[in-house]
Number of protein chains: 2
Amino acid sequence: MARAATTTDVFNAIAEPGRRQILDLLANGELSVNELVEQLGLAQPQVSKRLQVLREVGLVLVRDDGRQRHYRLNGRALKPIHDWIRRYEQMWNERFDALDDVLEELHDQED
Amino acid sequence: MARAATTTDVFNAIAEPGRRQILDLLANGELSVNELVEQLGLAQPQVSKRLQVLREVGLVLVRDDGRQRHYRLNGRALKPIHDWIRRYEQMWNERFDALDDVLEELHDQED
DNA sequence: TTATTATATACCAATATGGGAATATATCAA
DNA sequence: TTGATATATTCCCATATTGGTATATAATAA
């Protein structure tokens, strides 16, 4: 078997930097495909392809407006990733480091 | 060009459920390859391959012990993902919804 | 209707999987 | 040394990209 499709889930969808960049741009508000093309400096088909992937996993929503299509972010679709990674958050935040120091200190005192 | 390697960065590394599962198991503490094989129910080579990917992006660390290799989590490597996704957190948490209500209320009062 | 604009899709080439099986490497035991 | 155990690596195959180019589709304008 081969690798899972990028449209399999949100984890695969955000693996590509270009797709994350699109989400970052849409975080500031709705944009048409052409506006995205300009801001990204990519060819239009590449942008449309990425948008399709993001659409299939529910990360973006579309609004038709004449011959333009306005895409907007659906941030809620990122929640599964956040929920997963949040369990590891303690491993790098300062409070944990501080606790680490306390434990080390206690350990030193034991000797 | 083809798809980016899974070892390109942490975003690609965690795209596969099996690799995330390994991280989840290691969250409880160090495990040898065989212990992982047992708990995952996968063939040993598949586990070793996944561990190599995780090693290459710095998500796990190894400790040699005779003919066994004990892997442990390096959660700090997940921070870039957390930092990226944290910017979207407001889009699904309750406080934001509450703020949304307040803003709407203020808006209504303007009229 | 015909031309133009905005997007989406199809096609092609190159490549990195990921699973399965076999094999190599390293360590320890007898 | 020989054998067994624990891991890593290699091969082969089927597949899903991703980039580039060309083309199809839809909407609007002339």
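Each chain gets a letter, A, B and so on, in the order the sequences are listed, and its residues count up from 1. Every heavy atom of this structure was used, including side-chain atoms; hydrogens, water molecules and symmetry mates were not.
- There is a side-chain donor-acceptor pair under 3.5 Å between B/Ser48 and B/Gln44.
- Residues B/Trp84 and A/Arg20 have side chains in contact (heavy-atom distance under 4.5 Å, counting atoms from C-beta outward).
- Heavy atoms of A/Ser48 sit under 4.0 angstrom from at least one base atom.
- A close approach under 4.0 Å does occur between a side-chain nitrogen or oxygen of A/Arg69 and OP1 or OP2 of C/dA8.
- Distance CG (A/Leu42) to C1' (D/dG20): 12 Å, rounded to an integer number of Å.
- Contact check, A/Gln52 against C/dA8: no side-chain N or O comes under 4.0 Å of OP1 or OP2.
- Where A/Gln44 and A/Gln68 each meet DNA chain D at their nearest nucleotide, the meeting point lying more 5' is that of A/Gln44.
- The CG-P distance, from A/Asn12 to C/dA16, rounds to 17 Å in whole Å.
- For B/Val33, counting side-chain heavy atoms from C-beta on, the closest listed nucleotide (C/dT7, D/dA8, C/dC11) is D/dA8.
- The side chain of A/Asn34 contributes no N or O atom lying less than 4.0 Å from OP1 or OP2 of C/dT5.
- In this structure, A/Ile22 places its CD1 atom 13 Å from C1' of C/dT7, rounding to the nearest Å.
- Rounding to whole angstrom units, CG of residue A/Asp64 and P of D/dT25 are separated by 17 Å.
- Side-chain proximity of B/Arg67 to D/dC11, C/dA29, C/dT4: nearest is C/dA29.
- The CG atom of A/Asp65 sits 13 Å away from the C1' atom of D/dA26 (whole-angstrom rounding).
- The phosphate of C/dG18 has OP1 or OP2 within less than 4.0 Å of a side-chain N or O from B/Arg19.
- A side-chain donor-acceptor contact under 3.5 Å links B/Tyr88 and A/Asp24.
- Of the residues near DNA chain C, B/Ala2 and A/Val47, the one whose nearest nucleotide (by heavy atom distance) lies more toward the 5' end is A/Val47.
- Rounding to whole angstrom units, CZ of residue A/Arg3 and C1' of D/dC13 are separated by 16 Å.
- Per the geometry, CZ belonging to A/Arg55 stands 10 Å off C1' belonging to C/dT7, to the nearest Å.
- Straight-line distance from the CD atom of A/Glu35 to the C1' atom of C/dA6: 12 Å, rounded to whole Å.
- Between B/Leu23 and B/Ile14, the closest side-chain pair of non-hydrogen atoms falls below 4.5 Å.
- Of the two residues near DNA chain D, B/Pro45 and A/Arg50, the one whose nearest nucleotide lies more 5' is B/Pro45.
- Judged by distance alone with a 3.5 Å cut-off, a donor-acceptor contact links the side chain of A/Gln46 to the base of D/dG20.
- When side chains are defined from C-beta on, A/Arg69 does not count as touching A/Arg63, because their heavy atoms never get closer than 4.5 Å.
- Contact annotation: B/Tyr71 side-chain N/O to D/dA8 OP1/OP2 distance is under 4.0 Å.
- Judged by atom type and distance alone, B/Glu16 does not reach the base of C/dG18 through any side-chain donor-acceptor pair under 3.5 Å.
- Screening B/Thr6, B/Leu51, B/Thr7 for a side-chain contact (heavy atoms from CB on, under 4.5 Å) involving B/Glu56 leaves a single residue, B/Thr7.
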